[in-house]
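Structure, as structure tokens:
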Protein chains: 2
Amino acid sequence: MGDDSEHIDGRKARGNRRRAEIIDATLAVVTRDGAAGVTHRTVAKQAGITTSLSTYYFATLDDLLVAALSSVADTYTTRIRQIIDGSEDKLRGLAELIVQSAGPGRDHALAERELSSLAARRPALAPVARRWRENVGELAATLTDDPEAVAALVAASDGLCTAILIDNAPADPDYVHRILARAIHTQPAGAVQ
Amino acid sequence: MGDDSEHIDGRKARGNRRRAEIIDATLAVVTRDGAAGVTHRTVAKQAGITTSLSTYYFATLDDLLVAALSSVADTYTTRIRQIIDGSEDKLRGLAELIVQSAGPGRDHALAERELSSLAARRPALAPVARRWRENVGELAATLTDDPEAVAALVAASDGLCTAILIDNAPADPDYVHRILARAIHTQPAGAVQ
DNA sequence: GTACTAGTTGTACTATCGTTCAAGTTATCT
DNA sequence: AGATAACTTGAACGATAGTACAACTAGTAC
């Protein structure tokens, strides 16, 4: 051991990098063609590798989808945790995160949604698909002690994302913030500066 | 013309019946195997007909999926309209409708959700997928004049359905009712009779 | 160096897919 | 009855799917 850190090209590192590349390619395919478009062949072509290499890292298509969903879920977990730990106005941070479903983050949000819908039929995906809601609930728990208010905020966040993604609802941070505030029952603008 | 109504076996009636049978078979397949399991062959087998007959009525798979989604959407539209037109406590009626996503209506709700998710990528499905939200919004409009409260109720309804379907959240009508009431900002029990 | 193992490739097998089509059947029309 | 059009069938074509597998390359360990 004692290998200098220049030597990043070990087999293990290479393997991990490939793995990540394949997952990224999978998300790109989901973004472009939907979850139905994910096959070993399309993913491999997207990643610029051979089909068999995709099956080498993810023996079955399900493995690949689970890994892809986990990856997006991780991203959202990180972002929400940043809001919980670092933001002054957590509700505003959440509103801004939700609004991003309309802009450049739309593809990402759509992919996450599409993969989550697979969870209803594949038990392996269920805990991963639950994470987004759990994270929002955790954020809500820092704002209120009322468990019903927490549930209301989670439901509102979810519904607002749907509205923006499917319904092309207005993605105005203030608007979203007001609806979120209504859910946790903090009067929206009553005492705002 | 002038045919007695016993003669229900005209070509036209037969065709419409077949059409409905195929759509029902499609929903059964979606319920059993998910939207990804819908092929002309699986649908035909489910309906007990030949593959080519399925393509006769629905030339392309997309046509079939559009028709299936329209069918479920119609069901929900009818139910919500019954609540709007006939129910004393409309909010309570909505709560009960939402809660049905947990019981025997789970398959139906799941199928609707799965088909709706296809709308993000198939423009033809978008207006149909929007109907559920529009109907809830219409119901909300009979309860308040505040457009933001309407949006909040729609978002809450949607989020609650997700919670019940994906998250196995408690499907208690009172609980759901309280969260809905919070959304439109009618104090839940404060001034209740 | 030699042995070993992770990574990688090309090919191929089998299954199923959407869709087409020519032919056969049945109800309606005149 | 004869013509017409809706309905129904069985078979087939080309494309693509998941997956398996033997061979090849290249880092790692001894």
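These figures come from a predicted structure and were not determined experimentally. Proteins come first, then strands; the chains are lettered A, B, ... in the order of their sequence lines, and each starts at number 1.
With axes fitted over five pairs at each extremity, the angle between the ends of the helix from C/dG1-D/dC30 to C/dT30-D/dA1 is 10° (10° resolution).
A straight line from CZ of A/R19 to C1' of C/dT8 spans 16 Å, rounded to a whole angstrom. Distance CG (B/D63) to P (C/dG18): 13 Å, rounded to an integer number of Å. Atom CZ of A/R17 is separated from atom P of D/dG27 by 11 Å (rounded to the nearest Å). Straight-line distance from the CG atom of A/D33 to the P atom of D/dT16: 13 Å, rounded to whole Å.
Using a 4.0 Å cut-off between a side-chain N of Lys or Arg and a carboxylate O of Asp or Glu, B/R17 and B/E21 do not qualify as a salt bridge. A salt bridge does not link B/R121 with A/D33: every distance from a Lys NZ or Arg NE/NH1/NH2 to an Asp or Glu carboxylate oxygen is 4.0 Å or more.
Crowding of A/K90 atom NZ: a count of heavy atoms from other residues, nucleotides or ligands under 6.0 Å exceeding 12.
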ask   = When you look at A/V99 and A/Y175, which way does the side chain to side chain contact (heavy atoms under 4.5 Å, CB included) test go after all the steps?
value = CA-CA 10 Å; A/V99 161; A/Y175 175 77; over 6 Å; no
message = Set out, in order, the CA-CA distance, both residues' side-chain angles and the distance that settles salt bridge (Lys or Arg N to Asp or Glu O under 4.0 Å) for B/D74 and B/R79, then state yes or no.
response = CA-CA 9 Å; B/D74 282 348; B/R79 288 213 229 168; over 6 Å; no
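At least one side-chain nitrogen or oxygen of A/R14 sits closer than 4.0 Å to the OP1 or OP2 atom of C/dT8. Within the structure, every side-chain polar atom (N or O) of B/Y57 is placed at least 4.0 Å from both OP1 and OP2 of D/dA6.
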Considering only nitrogen or oxygen atoms on both sides, find all protein atoms under 3.5 Å from nucleotides 9-13 of chain D and state each distance.
from	atom 1	to	atom 2	distance (Å)
D/dT9	OP2	B/T50	OG1	3.0
D/dG10	N7	B/S52	OG	3.2
D/dG10	O6	B/S52	OG	2.8
D/dA12	N6	B/R41	NH2	3.4

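Minimum interatomic distance between B/S157 and B/L180 (heavy atoms only, all atoms of both residues): OG-CD2, 3.6 Å.
For the pair B/D167 (side chain) and B/A169 (backbone), a donor-acceptor distance under 3.5 Å is absent.
Among the protein residues, B/F58 comes within range of no part of the nucleic acid, since none of its heavy atoms lies under 4.0 Å from any strand.
Relative orientation of the A/Y76 and A/H108 rings is tilted, given thresholds of 30° and 60° on the angle between their planes.
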